[in-house]
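Numbering of ligands and ligand atoms starts at 1, following listing order.
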Amino acid sequence: MTDTDTSDANPFADLLDANRTFAQTFTLSGFDGIAHAGIALVTCMDSRIDPLGMLGLKPGDAKIFRNPGGRVTEAALEALVLGVHLLNVDRILVVPHTRCAMSSSTLEEVRAKVGASAGQDASWQTFSMVTDQESALRDDVHKVHAHPLIPDSVKIGGFVYDVDSGLLNQVV
Ligand SMILES: [Zn+2]
């Protein structure tokens with residue numbers, strides 16, 4: 001789309017405007033893609049989480065992988081292996097959070113809500129619900145530890161982020 005295209009309003013126009021403003025003071029040009037603070041973070045997609053801010057980090061410091069629930073999935077492990085071997089990562093944090101929809105609802109409830117919103121059957125859709133957040137977190141941290149391509153020298157921690165206080169509680 002261009003500025004002269006008036007056939008349809010671009011539903012992203014507000015964001016592109018904001019981006020042009022952002023680019024006017026952009027200072028990260030030519031910056032490399034490594035994790036300058038050596039941090040990789042797996043956390044939830046939840047909009048209440050500011051992954052860099054909550055750790056006192058800034059752009060360039062960390063590799064961040066997000067998904068519903070902040071789970072260590074196969075894709076998360078792929079990201080962590082790349083982070084450790086190619087992107088300077090030596091500390092990994094796995095950070096689910098309080099009041100997460102993925103651990104406060106059942107699979108049936110989420111499928112019913114999505115089905116109602118979509119106006120069609122959603123019972124076939126996978127949703128990786130968590131029944132016991134702390135034990136899921138311990139399992140997830142273990143998955144990272146147990147990965148053959150993640151060396152023992154990498155420090156791995158499991159934390160629960162409190163979306164009401166902003167505090168991290170280290171579980172493992
Ligand atoms: Zn969540």
Participant: When the aromatic ring centroids of H36 and F31 are compared, is their separation below 6.0 Å?
Facilitator: yes
Participant: With 2.8 Å as the limit, jot down which protein N, O or S atoms are around the Zn ion (ligand 1).
Facilitator: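 Result, waters dropped: C44 SG, H97 NE2, C100 SG.
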Participant: Can you name the nearest heavy-atom pair linking P59 to L52, along with the distance?
Facilitator: N-CD1, 3.7 Å
Participant: Step by step, work out the salt bridge (Lys or Arg N to Asp or Glu O under 4.0 Å) result for R99 and D162.
Facilitator: CA-CA 8 Å; R99 298 204 283 122; D162 186 325; over 6 Å; no
Participant: Answer yes or no: is there an ion pair linking D90 with K155, defined by an N-O contact shorter than 4.0 Å?
Facilitator: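 Salt bridge flag = no for K155 with D90.
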Participant: I need the minimum non-hydrogen distance between H147 and V81, along with the two atoms involved.
Facilitator: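 Scanning both residues, the minimum pair turns out to be CE1-CG2, 3.5 Å.
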Participant: Of K63, R91, M54, which is the lone residue that meets side-chain contact (heavy atoms from CB on, under 4.5 Å) with L41?
Facilitator: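 Option passing the side-chain contact (heavy atoms from CB on, under 4.5 Å) with L41: M54.
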